[in-house]
Amino acid sequence: MTTGAARRLALAGWPVIVGLVAVLPWLGLNSATIRLVLLIAILSMVVSGLNLTLGYAGELALGQVPLYAAGAYTTGYLAINVIDDLLVCLLAAVAVAVLLGVVTGLPGLRLGGWALAITSFFVVLLIPSVVNIFGDRLGGLEGLNGIPVPTLLGSELGDNGFYVVVILVTAAWFAVFRNIVVSRHGAAFLVLKQSPVLATAIGTSPFATKVTVYALSAVPAGIAGCFIAYLDAYLSPLTFGLELAIVILAAAILGGATSVYGAIVGAAIMEIGPLRITVFDQYALVVYGAFLIAGGLLLRNGLAGVTERLGRKAAARLRRRSGPAGDAAPAEPPAAVTFPAVDGLALTVSGVSKRFGGNLAVDDVSFEAGPGRITALVGPNGSGKTTLMNLISGYYSLDGGTIRLGDQVISGLPAHQVARRGVGRTFQTPLIPQGLTVMDAIVTGRFARHRISLAESALRLPRHWKALDAERRTGRQIMESLGLARQAGTPAADLALGTRRMLELGRAIAGGSSLVLLDEVASGLDEDDIHGLVRVLTSMRDAGITILLVEHNFALVRALADTIVVLAEGRVIATGSPDEIASHPEVVQTYLGQGGEIAGTRVADELLDTEKADRA
Ligand SMILES: Nc1ncnc2c1ncn2[C@@H]1O[C@H](COP(=O)(O)OP(=O)(O)OP(=O)(O)O)[C@@H](O)[C@H]1O
């Protein structure tokens, strides 16, 4: 069975499973088992929120417990004092949890890693104090008693009615959660987890993505809080303590933090496991800690990861049996590469300067890179090439001058806005996100310029399907042109360096970029890879893209570039055609004489001959 078929089967199976679970009370199950199912549903929702922040976005924001408590106390307070309608309390619980999620997540916009983890854990310790401060309304440390049974639209919900609502809402949340993580928004979370620099290069704002993740992860926590308040009819601040935080973390790690259904599996283990251990109360933290360590040490991406790897192995075995050409087949350089025509825009760099402390890294640099041309930026180490690339991409702010793309000034814009205006780029060390296939990683390059809202993806609205269709079509075209078609389903992180560089090129052009910045794109490539690269770059140029190439291999630059700009100590010392630059006395003295003509010369000489023949 292919991965696609397995996915379709899982999709069709989901309503059946939900239907079966929803009718359990009518199948004669005792109330303890029904309560256990409810507790698993509630915990799995809280865990899914942690999976979103930690597993998908890589944010060590561990504050699910306060969000859960916020949902629970909002419901408790409203149901006792204002209105006991489940729908109203549910919406209010989600609203309060989301607000708290964004506010407590704010440190995450500045802090990262363990500082954020410790801060978010600290918020957990505040819960009893906060509840105590509002003691007269929230019941203080003795707890909030007397939460009434819920009503829905004026009628009282019986036990079974409440059970069905919990199961259906949980199922609906997991459907939305799945839709989001398999959509481009989920891919954007994984990209942010890998690198904020890459996130901006594909046109997403790390700030907006983080706020979205904090808000989104609070939704299931708020819902779960509402349900636990009604289920127990009593709330104690001691329930929402460190022990619960560890249970949630252990469930996420054990089930698989980068997984949708892993949250349910992890929650089930954490709810059912303790029932089998009689001395549990005494050793609860030890048991939870053991689960956490076992999950973290023994399982890569938890039980979901184990299942996925087994599934992948079985699928590969089946493919081997049914014929050649698997996903792991090596990339094939295409015989002829063509890209759709692009309206390239001229890049104009005027009087640009950048200072790092006392070091003037870029000093009054001016040059122009025209559409449908390859402009190379060369110079000795430390001459300012990468700094210039970063200034053009918007990663650094300028200390002087302006940068224009076509008629638009792009200097001063944040990096993700520069990407959205049609600037694609590759990196000296390729940035390849974990958890995405080659196809998925390439189409992230479209996010900058073809935008779809979170709601459209979560609810699978028509624009989502249209965008997905266009994404797949463009992705397939690019992969064929780059010789990556047979690797579409391969995890991108498994690729060799040469193929990674091809993938970065594909990502840089996927959105129809007018300007592509290539930072040492040939570095570390063997002769075959360089041949493939030259074919791709010349086709990109022929398609009309403006290409700015930073490269140390001068022979290769000479073969490829239409114009060469030479930098030394941050200043332009020469601009001209490859032949003019190769015989420029100052360039020969400051750069080429120092080993500019280095590795790859033989390949490049061959290329030079072919290129010259082509041009003649
Ligand atoms: N973030 C930074 N902070 C401080 N100094 C920096 C920073 N980035 C670059 N520099 C300095 O700016 C100067 C230009 O560096 P840059 O990396 O742009 O050169 P380069 O031509 O790309 O070199 P290479 O070919 O080795 O990549 C160097 O002196 C470098 O030390």
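Just follow the structure's listing: the first ligand is 1, and inside any ligand the first atom is 1. The structure presented is a predicted model; accordingly, all values stated were derived computationally and were not measured.
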- prompt: Is any NZ, NE, NH1 or NH2 atom of the basic residue among Arg355 and Asp399 found under 4.0 Å from an Asp or Glu carboxylate oxygen of the other?
  reply: no
field: Sub-4.0 Å atoms of ligand 1 with respect to non-hydrogen atoms of Ser383
entry: 19 (O), 20 (P), 21 (O)
- prompt: For atom 24 (P) of ligand 1, which candidate among Asn381, Leu391, Val550, Asn390 provides the closest heavy atom?
  reply: Asn381
query: Short N/O distance, under 3.5 Å, between Phe356 and ligand 1?
result: no
- prompt: Closer than 4.0 angstrom: is that true for some heavy atom of Gln428 and an atom of ligand 1?
  reply: yes
- prompt: Taking heavy atoms and a distance under 4.0 Å, where does Tyr395 meet ligand 1: side chain, backbone, both or neither?
  reply: neither
query: Does the salt bridge (Lys or Arg N to Asp or Glu O under 4.0 Å) test come out yes or no for Asp562 and Arg541, once each step is laid out?
result: CA-CA 10 Å; Asp562 300 290; Arg541 172 183 61 195; 3.5 Å; yes
- prompt: Does the pair Arg501/Asp529 count as a salt bridge with the N-to-O cut at 4.0 Å?
  reply: no
field: Protein contact to atom 15 (O) of ligand 1 [nearest heavy atom, distance to 0.1 Å]
entry: Thr387 OG1, 3.7 Å
task: Answer yes or no: is there an ion pair linking Arg558 with Asp579, defined by an N-O contact shorter than 4.0 Å?
output: yes
message: Using 30° and 60° as the class boundaries, would you call the ring planes of Tyr396 and Phe356 parallel, tilted or perpendicular?
response: perpendicular
task: Return a yes/no value for Gly382: is any of its N or O atoms, backbone included, closer than 3.5 angstrom to an N or O of ligand 1?
output: yes
query: Considering only the protein, which heavy-atom contact is closest to atom 31 (O) of ligand 1, and what is its distance?
result: Asn359 ND2, 4.2 Å
